[in-house]
K.L.:
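Starting off with a structure, shown below.
Note that ligands are numbered from 1 as they come in the structure, with each ligand's atoms numbered from 1 the same way. Below, all heavy atoms of this structure are taken into account, side chains as well, without hydrogens, waters or symmetry copies. Just so it is clear, the structure is predicted and the values come from calculations on it, not from any experiment.
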Amino acid sequence: MRKKVVAGNWKMNNDLIMSNDLIYSIKLKLNKDNDTDIFISPSFPFLNESIKHCKGTKIKVLAQNVNENKSGAYTGEVSLSMLKSIGIDSVLIGHSERREYYHETDDILLKKLSNSLDEGFKVFFCIGESLNDRKNDLHFDVIEKQLKNTIFKIEKINHENLIIAYEPVWAIGTGLTASPDQAQEIHAFIRKNIAQRFGENFSNNISIIYGGSVKPDSASDIFSKVDVDGGLIGGASLNAQDFVKIVNSI
Ligand code: 13P
């Protein structure tokens, strides 16, 4: 059985008070019987406190990034062992904003992925094509290349430790959402490629979630697709009511 997963990527938003308020409101609104895996990802300075506020709830705390090196002279960076020491055990890797603005190549992302899996972290790994790729009908090629250069280079993965997030770059923060059929088409393609590389059992059990302008009124149509196992939510995750509505749309 594949896990249903909804994660809120808060990106560089919210100060301490806003982060705490948002967690408080999500907790109040969340249905206790929900069996979806729910993640939030506040910024680094607030992770420690967020973990404490989420203790005893269904909400897990996800780091937005991690450095590919173990430790040392990397000013401004955060390591896996630092995250581990405050109780974080899941991390987001390969977001298109990191790829684009911070020049994170597939090689760097592979290192982050490999180290994180070795340390027992659950990894949310993002892939997705740009608008140009889509216009030029290159989306399948781009997705396949991203998979081959990163996830497929890992020898052995436990499916519970990997969640693939399909995030078409043209749909992130733009208000443009991939149609449910477009999302399904790519998710099925990813699952087929995963099956070829890691086997049917692995591919049937791995969660593949969609991200890109998911809103409360568009979530249920996307989540109804057979290969869409949940969502990675940006803007709408900053509002407790919208986020919980999305969680409840699965
Ligand atoms: P939006 O939902 O704001 O488009 O962001 C999606 C995203 O980048 C999640 O990681």
K.L.:
Yes or no on side chain to side chain contact (heavy atoms under 4.5 Å, CB included) for Phe189 and Glu144, after CA distance, side-chain angles and deciding distance?
P.N.:
CA-CA 9 Å; Phe189 176 76; Glu144 197 175 337; 3.8 Å; yes

K.L.:
Just checking, any donor-acceptor pair under 3.5 angstrom between side chains of Gln64 and Trp10?
P.N.:
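The answer is no; no qualifying pair exists.
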
K.L.:
Quick one: which ligand 1 atoms are inside 4.0 Å of a heavy atom on Gly173?
P.N.:
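Selected atoms, number and element: 1 (P), 3 (O), 4 (O).
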
K.L.:
Answer with yes or no whether Lys11 contacts ligand 1, where contact means a heavy atom under 4.0 Å from a ligand atom.
P.N.:
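Yes, Lys11 has a heavy atom closer than 4.0 Å to ligand 1.
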
K.L.:
Regarding Asn248 and Asn34, is there a side-chain donor-to-acceptor distance under 3.5 Å anywhere?
P.N.:
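A pair is found: one side chain offers a donor N or O, the other an acceptor, under 3.5 Å apart.
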
K.L.:
Has Ala171 got any heavy atom lying under 4.0 angstrom from an atom of ligand 1?
P.N.:
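Yes, Ala171 has a heavy atom closer than 4.0 Å to ligand 1.
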
K.L.:
Can you report which non-hydrogen protein atom sits closest to atom 9 (C) of ligand 1, along with the distance?
P.N.:
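Here the closest protein heavy atom is Glu167 OE2, 2.9 Å.
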
K.L.:
Quick one: nearest non-hydrogen protein atom to atom 2 (O) of ligand 1, plus distance?
P.N.:
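The answer is Gly234 N, 3.0 Å.
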
K.L.:
Any nitrogen or oxygen of Lys215, main chain or side chain, under 3.5 Å from a nitrogen or oxygen of ligand 1?
P.N.:
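No: no nitrogen or oxygen of Lys215 is under 3.5 Å from one in ligand 1.
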
K.L.:
Looking only at protein heavy atoms, which one is nearest to atom 3 (O) of ligand 1, and how far off is it?
P.N.:
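So the nearest neighbour among protein heavy atoms is Gly235 N, 2.8 Å.
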
K.L.:
Does an N or O from Ala236, backbone or side chain, lie closer than 3.5 Å to an N or O of ligand 1?
P.N.:
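No.
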
K.L.:
Need the ligand 1 atom indices (1-based, order shown) with element for anything under 4.0 Å from a heavy-atom of Leu232.
P.N.:
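Selected atoms, number and element: 9 (C), 10 (O).
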
K.L.:
Between Leu92 and Asn9, is the side chain to side chain contact (heavy atoms under 4.5 Å, CB included) condition met? List the steps.
P.N.:
CA-CA 9 Å; Leu92 185 65; Asn9 177 6; 3.7 Å; yes

K.L.:
Can you see whether Asp221 engages Ser224 through a side-chain donor-acceptor pair at a distance of less than 3.5 angstrom?
P.N.:
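Ser224 and Asp221 do not have a side-chain donor-acceptor pair below 3.5 Å.
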
K.L.:
Does the side chain of Glu49 pick up a donor-acceptor pair with the side chain of Asn20 at under 3.5 Å?
P.N.:
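Present: a donor and an acceptor within the cut-off.
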
K.L.:
Near His95, which atoms of ligand 1 are under 4.0 Å from a heavy atom of that residue?
P.N.:
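In order of numbering, the contacting atoms are 7 (C), 8 (O), 9 (C), 10 (O).
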
K.L.:
With side chain to side chain contact (heavy atoms under 4.5 Å, CB included) as the test, would you mind laying out the steps for Phe124 and Ile209 before giving the verdict?
P.N.:
CA-CA 9 Å; Phe124 285 66; Ile209 63 176; 4.0 Å; yes

K.L.:
Which one holds for Ile172 and ligand 1: side chain close, backbone close, both close, or neither close, with close meaning a heavy atom under 4.0 Å?
P.N.:
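It is both backbone and side chain that touch ligand 1.
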
K.L.:
Report yes or no: do Lys3 and Asn205 form a side-chain donor-acceptor pair below 3.5 Å?
P.N.:
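Lys3 vs Asn205: no donor-acceptor pair found between side chains.
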
K.L.:
Does some non-hydrogen atom of Gly211 fall short of 4.0 Å from ligand 1?
P.N.:
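The answer is no: ligand 1 sits nowhere under 4.0 Å from a heavy atom of Gly211.
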
K.L.:
If you count the atoms of ligand 1 from 1 in the order shown, which ones are under 4.0 Å from a heavy atom of Ser213?
P.N.:
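Heavy-atom distances to Ser213 below 4.0 Å select 1 (P), 2 (O), 4 (O).
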
K.L.:
Is it true that Phe223 and Tyr210 have ring centroids separated by less than 6.0 Å?
P.N.:
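When the ring centroids of Phe223 and Tyr210 are compared, they turn out to be at least 6.0 Å apart.
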
